Amino acid sequence: MRFFKDLSLSAFTAGFVAVLVGFTSSVAIVFQAAQAFHATPAQISSWMWALGLGMGLCSLLPSLLLRMPVMVAWSTPGAAVLATAGLTGGFSMAEAVGAFMVCAALITVSGATGWFEKVMNRIPVAIASALLAGVLARFGLDAFAAAQTALPLVLLMLATYLLCQRWLPRYAVVVTFVIAIIFVASRGELVGAGVGFDLARPVFTAPRFSWSAIVSLAVPLFVVTMASQNLPGVAVIRATGYGGAKGIPISKIITLTGLVTLVLAPFGAYALNLAAITAAICMGREAHADPAKRYTAAVACGALYIVIGIFGAAVTGLLTAFPKELVAAIAGLALLGTIGAGMAAAIRDESHREAAIITFLVTLSGVVIAGVGSAFWGVVAGAVALFVQQYGRAD
């Protein structure tokens with residue numbers, strides 16, 4: 001099979017790091033969202049089953065078919081919205097599931113009509129690249145901020161990464177990750193997870209549709225998923241060279257995420273979308289030197305997500321056993337090349353440079369206005385700046 005011929009250690013490691021970063025950075029928020037609707041332990045396990053299965057299949061199958069890295073994730077800002085609105089609104093799990101299904105229908109329509117991709121195609125490359133750099137730069141900063149609490153670990157990882165970039169660039173992230181694990185294990189800093197390997201069981205919740213849940217849950221969930229997740233996700237695809245007419249069919253993938261969410265919503269899949277951070281890890285040069293073989297990293301990531309879905313809490317415990325500083329540092333180092341490429345593309349065109357910098361800074365700020373994250377407002381600010389600078393100006 002061609003996949004196994006194309007698969008490399010660096011690609012598999014990229015897939016694993018993507019799962020590690022995506023999972024450990026936001027799984028607590030997903031738990032909080034489930035608990036906001038008074039979820040039982042069985043229902044929380046079902047949420048992990050549905051989300052893991054949905055992310056895994058939506059990443060694995062399209063990547064294999066297209067031979068391009070298609071990355072799908074759960075909506076982290078969406079989970080934050082649900083956690084807040086669920087507590088304040090007093091919604092039941094049945095009402096929440098109804099809202100999930102309405103949101104999924106809206107995502108499906110936005111993909112099937114192609115309107116979202118058309119909007120994204122009108123965003124200049126410089127603005128999209130600045131958006132990408134701004135989204136990822138936070139992880140780069142966190143990598144070095146981790147030195148405040150784990151200086152020896154971060155220095156060791158940085159030194160290993162730099163040395164490997166000199167002599168073993170293809171395996172720089174792999175070797176750095178392995179050395180870091182050995183280091184923290186030798187110091188007894190791996191947190192043991194006392195969990196069993198019981199299979200997760202899906203729990204069906206019949207939906208109940210109410211206007212209050214649609215307005216308070218479905219609409220905000222849809223808005224933040226499209227603006228704070230799918231928008232930077234498309235930016236990553238374009239910036240890494242997988243966009244365009246022969247690239248990843250963005251509208252079809254968004255439609256797929258909507259349909260899969262619709263099917264799995266009664267089991268806890270609240271919103272699936274294009275990945276951004278984890279996609280950058282699997283679409284970058286660190287995953288594979290050959291862009292045509294980076295799809296194997298996405299396939300590996302998808303397979304691992306499915307395993308997470310099957311084993312639920314057990315895998316959650318294993319992944320969260322890694323110190324947070326290790327996760328932050330490996331994520332930042334794995335994204336250095338993509339951050340640099342994004343910044344280079346953002347400032348290459350002098351006529352777009354100032355607008356791109358504004359986009360970068362607003363995105364990096366992390367500002368949240370009206371419940372919508374900084375990725376959306378970064379694009380808005382950059383577009384307004386570009387319009388003011390260039391409208392009516394003769395070439």
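Here the structure is a predicted model, which is why all the values come from computation and not from measurement. Values reported hereafter were calculated over all heavy atoms of this structure, with side chains retained and with hydrogens, waters and symmetry mates removed. Quick note: residue numbers are just sequence positions, from 1.
- Looking at Ser45, its side chain never comes within 3.5 Å of a backbone N or O of Pro41 through a donor-acceptor pair.
- Between the Thr261 side chain and the Thr257 main chain, a donor and an acceptor come within less than 3.5 Å of each other.
- No side-chain donor-acceptor contact under 3.5 Å links Ser59 to the backbone of Met71.
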Hey, mind stepping through Leu221 and Phe100 against side chain to side chain contact (heavy atoms under 4.5 Å, CB included) and telling me if it holds? CA-CA 8 Å; Leu221 179 59; Phe100 300 165; 4.1 Å; yes
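- Looking at Tyr270 and Trp47, their side chains come closer than 4.5 Å, going by heavy atoms from C-beta outward.
- Residues Ala99 and Leu217 come closest through the heavy atom pair CB-CB, 3.6 Å.
- Side-chain contact between Leu272 and Leu51 is present, with heavy atoms from C-beta onward closer than 4.5 Å.
- The minimum heavy-atom distance linking Ala375 with Ala227 is given by the pair CB-O, 4.1 Å.
- Here the CD1-SG distance, from Ile253 to Cys58, works out to 8.0 Å after rounding to the nearest 0.5 Å.
- Remark: side-chain polar atoms of Thr359 are not paired, donor with acceptor, to backbone N or O of Val379 under 3.5 angstrom.
- Annotation: side chain of Trp74 is in contact with side chain of Met55 (closest heavy-atom distance under 4.5 Å).
- For Cys282 against Gly15, the heavy-atom pair with the smallest separation is SG-CA, 4.0 Å.
- No side-chain heavy atom of Ile127 sits less than 4.5 Å from a side-chain heavy atom of His352.
- Cluster annotation: Val81 is not connected to Val102 through the hydrophobic network of ILVMFWY side chains, with a link wherever side-chain heavy atoms come within less than 4.5 Å.
- To the nearest 0.5 Å, atom OG1 of residue Thr13 and atom CG of residue Leu20 are 11.5 Å apart.
- The CE atom of Met283 sits 7.5 Å away from the OH atom of Tyr242 when rounded to the nearest 0.5 Å.
- When the side chain to side chain donor-acceptor pair (under 3.5 Å) test is applied to Glu325, the partners found at least two apart in sequence or on another chain are Thr149.
- For the ring pair (Phe, Tyr, Trp, His ring centres under 6.0 Å) test, residues two or more places apart in sequence or in another chain that qualify with Phe204 are Phe267.
- The CZ atom of Arg238 lies 11.5 Å from the CG atom of Leu132; values are rounded to the nearest 0.5 Å.
- Judged by distance alone, the side chain of Arg138 and the main-chain N or O of Leu364 form a donor-acceptor pair under 3.5 Å.
- A distance-only check finds a donor-acceptor pair linking the side chain of Ser10 to the backbone of Ala287 [under 3.5 Å].
- Taking 4.5 Å as the limit, every side-chain heavy atom of Met48 sits out of range of all side-chain heavy atoms of Phe311.
- Counting all heavy atoms, side chain and backbone alike, Ala104 lies closest to Gly258 at CB-O, 3.5 Å.
- Note: Phe177 and Phe16 have tilted aromatic rings, judged against thresholds of 30 and 60 degrees for the angle between ring planes.
- Taking hydrophobic clusters as Ile, Leu, Val, Met, Phe, Trp and Tyr residues chained together by side-chain heavy-atom distances below 4.5 Å, Val119 shares a cluster with Ile248.
- Within 6.0 Å of CD on Glu354 lie no more than 12 heavy atoms contributed by other residues, nucleotides or ligands.
- Under the 4.5 Å side-chain heavy-atom criterion for grouping Ile, Leu, Val, Met, Phe, Trp and Tyr, Val263 is not connected to Val203 through any hydrophobic cluster.
- Considering CG of Leu274 and CE of Met226, their distance stands at 8.5 Å, rounded to 0.5 Å.
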Walk me through whether Leu333 and Val173 qualify under side chain to side chain contact (heavy atoms under 4.5 Å, CB included). CA-CA 7 Å; Leu333 293 174; Val173 175; 5.8 Å; no
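- In this structure, Thr225 contributes its side chain and Phe222 its backbone to no donor-acceptor pair below 3.5 Å.
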Give every donor-acceptor pair under 3.5 Å between a side-chain atom in residues 295-302 and any protein atom, sequence neighbours left out.
residue, atom, partner, partner atom, Å
Tyr295, OH, Asp6, OD2, 2.8
Tyr295, OH, Arg67, NH1, 3.2
Thr296, OG1, Lys293, O, 2.7

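- Across all their heavy atoms, Ala146 and Ala328 have their closest contact at CB-CB, 4.5 Å.
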Please test Val21 against Phe139 for side chain to side chain contact (heavy atoms under 4.5 Å, CB included), starting from the C-alpha separation and ending with a verdict. CA-CA 10 Å; Val21 171; Phe139 285 80; 4.0 Å; yes
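- Residues Val19 and Thr278 are not in side-chain contact: their nearest non-hydrogen atoms beyond the backbone lie 4.5 Å or more apart.
- Using a 4.5 Å heavy-atom threshold, the side chains of Met157 and Phe183 count as separate.
- The main-chain N or O of Ile369 is found under 3.5 Å from a side-chain atom of Trp377 such that the two form a donor-acceptor pair.
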Evaluate the side chain to side chain contact (heavy atoms under 4.5 Å, CB included) criterion for residues Tyr305 and Val72: first the C-alpha distance (whole Å), next the side-chain angles of each, then the deciding distance (0.1 Å), finally the verdict. CA-CA 10 Å; Tyr305 274 137; Val72 170; over 6 Å; no
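- Side chains of Gln229 and Ser75: a donor-acceptor N/O pair is absent below 3.5 angstrom, by distance only.
- The backbone N or O of Ser212 sits nowhere less than 3.5 Å from a side-chain atom of Glu95 that would complete a donor-acceptor pair.
- Here CE of Met120 is found 7.0 Å from CD1 of Ile250. Values are rounded to the nearest 0.5 Å.
- When the side chains of ILVMFWY residues are joined at heavy-atom separations under 4.5 Å, either directly or via intervening members, Phe37 and Val215 end up in two distinct hydrophobic clusters.
- Within the 3.5 Å criterion, the main-chain N or O of Leu131 finds no donor-acceptor partner in the side chain of Thr363.
- Both Ile123 and Val388 are part of a single hydrophobic cluster, where members link through side-chain heavy atoms under 4.5 Å apart.
- Side-chain atoms of Ser251 and Phe116, non-hydrogen and from C-beta on, never get closer than 4.5 Å to each other.
- In terms of heavy atoms, Thr338 sits closest to Ala280 at OG1-O, 3.6 Å.
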